[in-house]
Amino acid sequence: MTLEGFASMASARGWKCIGSNAYGVHRNYPFSLYYNGGRVTSLTATFRLKRSVSGKIVRPLNKSLPKGCSILQPQQGVFNLVCAGADEVLEGNLRTGMDAVTAALAEGGYGPPDICPYCKQRGCDALAAQGGAGARPGPNTSNVVMGAVVGGAVGAALAQSFSTPATGYVPVHRTCVQDRAAEGTASAHKSLVEGSYGKGLLGAVLGALVGALPTILFQAFTYSYLALLSILIPLAAWFGYKKLGGKRTMGAFAVVAVVSLFCTLFVVDQAVFYLMFVQEGIWPNVLESVPYFYSYYYMEDIILDLLYPLLWTVIGLVGVFGQCRKSKAVTTIEDAGVALESLQSYTPRGEMDL
């Protein structure tokens with residue numbers, strides 16, 4: 001199934017198609033449908049619920065689904081039906097699967113949310129998309145992998161920081177979506193127009209220095225190094241860049257990358273070398289300590305010592321690149337447009353999950 005075929009199918013069923021997602025209501029259950037093309041096309045229908053579905057319902061439901069269809073619950077209250085297969089059976093399998101899923105949810109008393117995600121109040125009168133037109137359902141795999149590679153608390157924070165927001169078609173107040181879209185678009189536009197590379201550079205430098213402190217202090221006082229700490233340098237530099245109002249374009253990545261690499265390859269070693277003298281009660285001139293550093297150590301040893309810190313700095317920059325590639329300002333504007341375009345009237349039916 002091509003993307004054009006997907007859009008045609010969605011239109012024929014009265015669903016709103018925006019990019020690679022379609023939005024509609026099936027048997028009183030709002031859903032978003034994500035198209036993933038390739039050698040084997042897959043369609044993921046996402047139902048947002050008040051709570052996760054019990055395994056007692058999911059297991060028999062999985063067995064009853066057509067071949068190529070399965071159930072996933074990647075997050076609390078997110079229920080995915082994934083259907084993959086040849087074009088001639090995919091649409092039929094999707095229809096059969098959605099019938100089975102909605103019947104099981106209704107029988108089990110699992111209803112869609114009834115609280116507006118914007119004002120946290122009941123009385124929703126419309127439906128709107130969350131996550132944007134290009135968002136995939138569930139966590140961003142590349143960032144989860146990155147978090148697993150780093151491991152520990154740092155890895156968990158990294159995976160959480162760069163995860164894709166939950167997608168779906170949810171009940172809202174029409175006025176809430178319209179007001180939030182207007183406010184968010186105005187703020188994002190201001191960020192794009194008024195952002196400053198100069199302020200961003202200053203923020204990146206200050207952030208990188210703060211991010212380098214754990215590495216510097218660890219080496220200075222333990223006489224060894226933990227290369228993993230170098231991942232904090234680009235993450236802190238990116239935080240500083242944003243905090244001081246840097247312009248949110250791809251140029252931001254260039255600024256953060258240059259500052260982070262300079263800090264890892266030069267500043268850290270120079271600071272540690274300088275602290276060695278300070279610990280002995282000597283306060284050398286910085287302009288003298290730098291050339292002395294390169295005469296004191298062999299260049300081959302310096303390069304070898306920098307390989308692992310450089311690797312972790314690059315890993316951190318990969319995460320920053322993912323954030324810069326689609327800046328928050330641009331994403332906010334696009335998501336606001338998707339939410340507005342997907343709006344349709346909605347009247348909740350039944351009193352499930354109350």
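Positions are given from 1, in the same order as the sequence printed here. All heavy atoms count here, side chains included; hydrogens, waters and symmetry mates do not. All of these numbers come straight from a predicted model, not from anything done at the bench.
The same ILVMFWY cluster, assembled from side-chain heavy atoms under 4.5 Å apart, contains both Y197 and L201. In terms of hydrophobic clustering, with Ile, Leu, Val, Met, Phe, Trp and Tyr side chains grouped at heavy-atom distances under 4.5 Å, V258 and I315 are assigned to different clusters.
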- Full working for side-chain contact (heavy atoms from CB on, under 4.5 Å) between V256 and L317: CA-CA 8 Å; V256 173; L317 286 173; 4.2 Å; yes

- request: Decide yes or no on salt bridge (Lys or Arg N to Asp or Glu O under 4.0 Å) for R122 and D114, but give the supporting numbers first.
  value: CA-CA 6 Å; R122 289 186 167 85; D114 59 356; 3.1 Å; yes

- [ ] Check the pair M98 / N93 against side-chain contact (heavy atoms from CB on, under 4.5 Å), numbers first and verdict last.
- [x] CA-CA 8 Å; M98 291 182 69; N93 286 350; over 6 Å; no

Problem - Trace of the side-chain contact (heavy atoms from CB on, under 4.5 Å) decision for L81 with I71 - result: CA-CA 5 Å; L81 167 67; I71 301 297; 3.9 Å; yes

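Heavy atoms from other residues, nucleotides or ligands lying under 6.0 Å from OH of Y35 number more than 12.
Between V53 and Q73, the shortest heavy-atom distance links the atoms N-OE1, 2.9 Å. Heavy-atom minimum distance, R13 versus R95: NH2-NH1, 2.7 Å. Between A126 and L343, the shortest heavy-atom contact is CB-CD2, 3.9 Å. For V320 against P234, the heavy-atom pair with the smallest separation is CG2-O, 3.8 Å.
Residues E341 and Y23 have side chains that never bring a donor and an acceptor to within less than 3.5 angstrom of each other. For the residue pair T46/N80, the side-chain donor-acceptor check at 3.5 Å is satisfied. Looking only at atom types and distance, the side chain of R48 has no donor-acceptor partner in the side chain of S32 under 3.5 Å away.
Here L228 contributes atom CG and F218 contributes atom CZ; the two are 10.5 Å apart, rounded to the nearest 0.5 Å. With rounding to the nearest 0.5 Å, the separation of CD in Q344 from OH in Y346 is 10.5 Å. One finds the NZ atom of K50 at 13.0 Å from the OH atom of Y110 (value rounded to the nearest 0.5 Å).
Between T44 and N36, every side-chain heavy-atom pair lies at or beyond the 4.5 Å cut-off. A heavy-atom distance below 4.5 Å is found between the side chains of V172 and P117. Side-chain atoms of I233 and V259, non-hydrogen and from C-beta on, never get closer than 4.5 Å to each other.
Ring planes of F47 and F31: tilted class, angle from 30 to 60°.
Ring centers of F253 and F321: under 6.0 Å apart, within the cut-off.
Of the options L265, L261, V267, a side-chain contact (heavy atoms from CB on, under 4.5 Å) to C263 is made by V267 and by none of the others.
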